[in-house]
Amino acid sequence: MEQLTPPQSENELIARASALAGRTLAELAMAHRLSLPMDLRRHKGWVGQLIEHALGASAGSRAIPDFAELGVELKTLPVDRRGLPCESTYVCTVPLEQINETWQQSWLRRKLARVLWLPIQADKEIALADRRIGSALLWSPSAAEEAMLRRDWEELTERIMLGEIEQISARFGEALQIRPKAANSRVLRHAIGADGEAILINPRGYYLRTGFTANILQQYSING
DNA sequence: AGCTGATCATAT
DNA sequence: ATATGATCAGCT
């Protein structure tokens with residue numbers, strides 16, 4: 001079941017993703033001749049890359065959507081035995097220097113405009129090989145969800161432009177949070193300091209809180 | 001048990 | 001270098 005060509009429509013993408021429901025990661029890895037790591041400690045992105053391969057995503061690590069022709073982003077969502085997300089979801093890096101973009105133009109909004117969510121069992125008691133893929137759902141933010149994201153983004157962006165990035169911890173934000181996103185804490189990047197001067201800090205990323213993604217899954221399970 | 005800050009691998 | 005894919009692991 002090698003699938004190398006990108007899906008040509010959302011329906012085709014959904015059909016491919018739906019066909020993965022209930023399958024184990026070992027089955028999928030074997031079908032695509034990929035080796036299964038012992039665990040994810042040194043292979044944190046392995047599940048996401050396996051699914052990209054299985055669905056025919058073509059973006060690689062370029063800064064374009066996973067399914068560029070469709071404008072759809074793929075996100076695997078690790079879930080626990082209750083079906084709730086175990087982890088926050090990385091969205092994009094946080095611009096730290098002069099930010100000229102509005103919410104409408106923002107990288108964050110564009111990234112989240114259309115997302116294929118694919119829940120995957122992530123309970124530590126289930127061996128990686130035996131973890132099963134759940135039911136995919138194709139999502140765009142509701143008006144309420146977008147309003148929440150926008151409030152967080154605008155408040156966080158304003159603080160960054162005021163030179164307060166060093167005071168922004170992961171506790172800020174209702175739907176979003178800003179956390180470090182780098183190879184390690186020694187990686188530095190220019191940002192705006194308290195007096196408008198250039199400072200060096202660890203690169204940051206925008207993440208969706210687990211409560212926000214849990215609500216996405218819940219809405220779809222209620223409404224079919 | 002959940003959250004925050006830190007980290008790991010690969011592609012371009 | 002910096003984007004992609006995320007999960008780890010210590011602290012509360």
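Labels below follow one simple rule: chain letters A, B, ... track the order of the sequence lines, proteins then strands, and each chain is numbered from 1.
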Does OP1 or OP2 of C:dG5 have a side-chain N or O of A:Thr76 closer than 4.0 Å? no
Scan A:Pro203 against the nucleic acid and name what it touches under 4.0 Å (heavy atoms): base, sugar-phosphate only, or nothing. nothing
Base, sugar-phosphate, or nothing for A:Ser88, non-hydrogen atoms under 4.0 angstrom? base
Salt bridge A:Glu155-A:Arg151, side-chain N to carboxylate O under 4.0 Å: no
Which part of the nucleic acid does A:Arg82 contact within heavy-atom distance under 4.0 Å: base, sugar-phosphate only, or nothing? sugar-phosphate
Starting at CD1 of A:Ile168 and ending at C1' of B:dT4, how long is that distance when rounded to a whole Å? 15 Å
Check the surroundings of atom CD in A:Glu69: do more than 12 heavy atoms from other residues, nucleotides or ligands lie under 6.0 Å from it? yes
Would you indicate, yes or no, if C:dT2 has its OP1 or OP2 atom less than 4.0 angstrom from a side-chain nitrogen or oxygen of A:Arg62? no
Rounded to whole Å, CZ of A:Arg186 lies from P of C:dA1 at a distance of 16 Å
On a heavy-atom basis, the closest approach of A:Leu20 and A:Ile133 is O-CB, 3.5 Å
Candidate list A:Gln104, A:Glu101, A:Arg150, test side chain to side chain contact (heavy atoms under 4.5 Å, CB included), partner A:Arg109, passing option: A:Gln104
Under 3.5 Å donor-acceptor, A:Gln121 side chain and A:Arg131 backbone: no
May I ask you to say what A:Ala63 touches in the nucleic acid, namely base, sugar-phosphate or nothing, with a heavy-atom cut-off under 4.0 Å? sugar-phosphate
Residue A:Arg42, side-chain heavy atoms: nucleotide from B:dT12, C:dA6, B:dC8 that is nearest: B:dC8
Pick the nucleotide of DNA chain B nearest each of A:Arg179 and A:Ser58; which residue has the one closer to the 5' end? A:Arg179
Taking atom P of C:dA1 as reference, at what distance in whole Å does atom CG of A:Leu188 sit? 12 Å
Separation of C:dG5 atom P from A:Trp117 atom CH2, nearest Å, is 11 Å
Could you give the CD1-to-P distance, from A:Ile178 to B:dA6, as a whole number of Å? 15 Å
The nucleotide from B:dT7, B:dA11, C:dC8 with an atom nearest the side chain of A:Ser61 is B:dA11
Can you tell me which nucleotide in C:dG5, B:dT7, C:dC8 comes closest to the side chain of A:Glu87? C:dC8
For A:Asp130 versus A:Thr24, what's the shortest heavy-atom pair and its separation? O-CG2, 4.0 Å
Do any side-chain nitrogens or oxygens of A:Tyr90 fall under 4.0 Å of OP1 or OP2 in C:dG5? no
Whole-Å distance between B:dG2 C1' and A:Leu84 CG? 12 Å
When all nucleic acid strands are considered with a 4.0 Å heavy-atom cut-off, which category describes A:Gly48: base, sugar-phosphate, or nothing? sugar-phosphate
Closest listed nucleotide, where the reference is the side chain of A:Leu40 and the choices are C:dG5, C:dC8, B:dT4: C:dC8
Nearest-Å distance, NZ (A:Lys124) to C1' (C:dC8)? 7 Å
Indicate, with a heavy-atom threshold strictly under 4.0 Å, whether A:Ala182 touches base, sugar-phosphate, or nothing. base
In whole angstrom, what separates A:Asp123's CG from B:dA1's P? 12 Å
Side-chain N or O of A:Gln49 less than 4.0 angstrom from OP1 or OP2 on B:dT10? no
Which heavy atom of A:Thr210 sits nearest a heavy atom of A:Cys86, and at what distance? CG2-C, 4.2 Å
Looking for any heavy atom pair under 4.0 Å, which part of the strands does A:Arg204 touch: base, sugar-phosphate only, or nothing? nothing
What nucleic acid atoms does A:Lys181 come within less than 4.0 Å of, heavy atoms only: base, sugar-phosphate, or nothing? base
If you check the A:Ala170 side chain, which of B:dC3, C:dA3, B:dT4 turns out closest? B:dT4
Please compare A:Tyr207 and A:Cys86 by the position of their nearest nucleotide in DNA chain B and report the one closer to 5'. A:Cys86
Under 4.0 Å: is that the gap between some side-chain N or O of A:Lys75 and OP1 or OP2 of C:dG5? yes
Let me spell it out: for each of A:Gly45 and A:Arg41, pick the nucleotide of DNA chain C with the closest heavy atom. Which residue's pick is nearer the 5' end? A:Gly45
